[in-house]
Number of protein chains: 2
Amino acid sequence: MTDREHLYLRLTVDLVILTVRANDLHVLLIERDNEPFRFRPALPGGFLRGGEDLRQAAERELAEETGLQGTSLHLEQLAVYDSPDRDPRGPIFSVAYLALAPDLPIPTAGSDARQAQWARVDDVAGELAFDHDRILADAVERARTRLEFTTLATAFCGPCFTIGDLRNVYEVVWGTELDPRNFSRKVLSTEGFIEPTGGKRVQEVGRPAALYHRGPALTLHPPILRTTAGTE
Amino acid sequence: MTDREHLYLRLTVDLVILTVRANDLHVLLIERDNEPFRFRPALPGGFLRGGEDLRQAAERELAEETGLQGTSLHLEQLAVYDSPDRDPRGPIFSVAYLALAPDLPIPTAGSDARQAQWARVDDVAGELAFDHDRILADAVERARTRLEFTTLATAFCGPCFTIGDLRNVYEVVWGTELDPRNFSRKVLSTEGFIEPTGGKRVQEVGRPAALYHRGPALTLHPPILRTTAGTE
DNA sequence: ACAAAAGTGTTCAATTTACACCCATGG
DNA sequence: CCATGGGTGTAAATTGAACACTTTTGT
């Protein structure tokens, strides 16, 4: 901090792990057990260690918190957060990662003491430690646009899913309602988005739905645009 | 926890400054005058100093290289580049920023010894120091999608421009041709994209074109999509 | 008058939207 | 039989691409 030219600093990696549970978008949060912000909810994360690159650190945190191998989840870099006063301990920048996960059985309590829990995104606005409210908001916005232009909605689903499941992802993440009939057609007519497994899922009520898994396509041509009409 | 819990490291900030000159997309490059990669072309950038945040560092570099106040240009964070072997001096991460500039008079030689020059983006592929080829490629791709969904094409133009100028930006950045007539209508029908100044610009040849300046809108509804048709 | 670029009008095709209607299942 | 959700067909509305044609300048 004294040497003007070569500043050495510490980096943290913070994870925004999103999932769709029932009818709400959820984020995985931990309760901090150290100062600063002790006992406040926060995004899982930690300091970068020697020999790691950022992605490895993100995958390590992910495994610690969820027990999942990072390779099975979508994990993308969001941005660096660098407000000088974001951490009371001093200038510590954070690289945020966004992970999209299917509805996991439970955030495996087998983590390191601090208990991880799913929380409704709408419930935690303004509650989080550091600048994590802003990081979360940015992450949700990123997820929303990812659904428009990529096939990542499937990252919220398990290996097999119905078109109704997929539509539910769009509706929950976007907070809108979609016409089931047109949605179905749109998804099916997009080459490589989803592929039929041949199976069917019988539900509590109604006609059984065909099951699909992810196709090879990564981007959507054409995109499935939100009709944000008006929000400028 | 392991013995190497808190890794301290240095960060650099690298700038991809793009502009549209004549009929090609150009990037501002410097020739390195220090090892490593001495005498090789590279993106302008440097180490983060104490007391700076990343944006301040980016604006400082920008001012040093171009003489421009950063506030007048679009400047956005791209990503962190963290390959362990990206810098032979050791683990040094770089935060890349993308700047869009109008065709500047010249990269003001009044900088710090190392001469900055515009280079055609297509000419420098594979030539750059560090992982700057990749950073440049990512930046160009980001700029391309920015034109689709935001009003940032105007960031390549001066305070006053014609619709033809704006179309030229799209054509050069995308590497495609656009129908002047449909483009004109599309731009004019997008609320808040451009606003008439009332003036006209007489050119060497042809009918004088009306002049416009930026409007208040930041995003395009609807977007102006590239017809990438087929590239998957 | 002619070339060149700006700008307008019109047509046709593609896409989106809305919704009537049928299908398959549990109660 | 009915309720419920899955899925198909189709017509109207909107959007986009193509292009004939007019306008305004310099030479």
Side-chain angles (χ1 to χ4, degrees), chain A residues 22-23 147-149 153 157 160-172 174 176-191 193-213 219-230, chain B residues 22-23 147-149 153 157 160-172 174 176-191 193-213 219-230:
Chain A
N23 284 327
L147 294 205
E148 293 186 286
F149 302 106
C157 300
C160 278
F161 51 88
T162 69
I163 295 186
D165 294 337
L166 195 62
R167 177 167 50 84
N168 186 246
V169 167
Y170 275 86
E171 291 182 333
V172 166
W174 285 355
T176 60
E177 296 224 326
L178 298 172
D179 185 303
R181 300 155 296 188
N182 291 336
F183 181 83
S184 174
R185 238 176 325 215
K186 197 156 204 166
V187 164
L188 286 172
S189 69
T190 299
E191 196 88 12
F193 192 176
I194 59 175
E195 293 175 343
T197 64
K200 287 191 182 302
R201 176 192 298 167
V202 178
Q203 4 224 349
E204 303 164 5
V205 67
R207 168 177 167 178
L211 286 171
Y212 297 85
H213 54 69
T219 57
L220 293 177
H221 295 294
I224 303 179
L225 297 174
R226 293 183 269 182
T227 51
T228 44
Chain B
N23 284 328
L147 294 204
E148 293 187 284
F149 302 106
C157 301
C160 279
F161 51 87
T162 68
I163 296 186
D165 294 338
L166 195 62
R167 178 168 49 84
N168 187 246
V169 168
Y170 275 87
E171 291 181 333
V172 167
W174 285 355
T176 59
E177 296 225 324
L178 297 172
D179 185 302
R181 300 154 293 187
N182 291 336
F183 181 82
S184 173
R185 238 174 325 212
K186 198 155 205 167
V187 164
L188 287 171
S189 68
T190 299
E191 196 88 14
F193 192 176
I194 59 174
E195 293 175 344
T197 65
K200 286 192 184 302
R201 177 191 298 166
V202 178
Q203 3 226 350
E204 303 165 6
V205 67
R207 169 177 169 178
L211 286 171
Y212 298 84
H213 54 69
T219 56
L220 294 177
H221 296 294
I224 303 179
L225 297 175
R226 292 184 269 182
T227 51
T228 44

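Since the structure is predicted, the reported quantities are computational estimates derived from the model, not experimental observations. The sequence lines fix the lettering, A, B, ..., with proteins before strands; numbering per chain opens at 1.
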**OP:** Please confirm whether the backbone N or O of B:Leu147 pairs with a side-chain atom of B:Tyr170, one donor and one acceptor, at under 3.5 Å?
**Re:** yes
Subject >> Distance in angstrom units between B:Leu211 CG and D:dT24 P, rounded >> reply: 17 Å
Original post:
Taking all atoms of both residues into account, what is the closest heavy-atom pair of B:Leu166 and B:Phe193, and its distance?
Top reply: CD2-CZ, 4.0 Å
Subject >> Separation of D:dG6 P from A:Asp179 CG (nearest whole Å) >> reply: 12 Å
Original post:
Starting at CZ of A:Arg181 and ending at P of D:dG7, how long is that distance when rounded to a whole Å?
Top reply: 13 Å
**OP:** Indicate, with a heavy-atom threshold strictly under 4.0 Å, whether A:Arg201 touches base, sugar-phosphate, or nothing.
**Re:** nothing
Subject >> Between P of D:dT8 and CZ of A:Phe183, the distance in whole Å >> reply: 14 Å
Original post:
Quick one: how far along DNA chain C does chain A reach, first to last nucleotide 5' to 3', anything under 4.0 Å to a heavy atom?
Top reply: C:dT16 to C:dG26
Original post:
Whole Å only: how far is the CZ atom of B:Arg207 from the P atom of D:dT22?
Top reply: 13 Å
**OP:** Apply the side chain to side chain contact (heavy atoms under 4.5 Å, CB included) test between B:Val187 and each candidate in B:Leu220, B:Asn182, B:Ile194; give the one that qualifies.
**Re:** B:Ile194
**OP:** Specify the separation, in whole Å, of atom CG of A:Asn168 and atom C1' of D:dG5.
**Re:** 13 Å
At a cut-off of 3.5 Å, list every protein nitrogen or oxygen paired with a nitrogen or oxygen from nucleotides 10-16 of chain D, distance to 0.1 Å.
from: D:dT10; atom 1: O4; to: A:Arg185; atom 2: NH1; distance (Å): 3.3

**OP:** Heavy atoms only: give me the nearest A:Leu225-A:Trp174 pair and the separation to one decimal.
**Re:** C-CH2, 4.1 Å
Subject >> Spacing of A:Gln203 atom CD and A:Thr162 atom OG1 [to the nearest 0.5 Å] >> reply: 6.0 Å
Original post:
Could you give the distance from CZ (A:Arg201) to OH (A:Tyr212), rounded to the nearest 0.5 Å?
Top reply: 12.5 Å
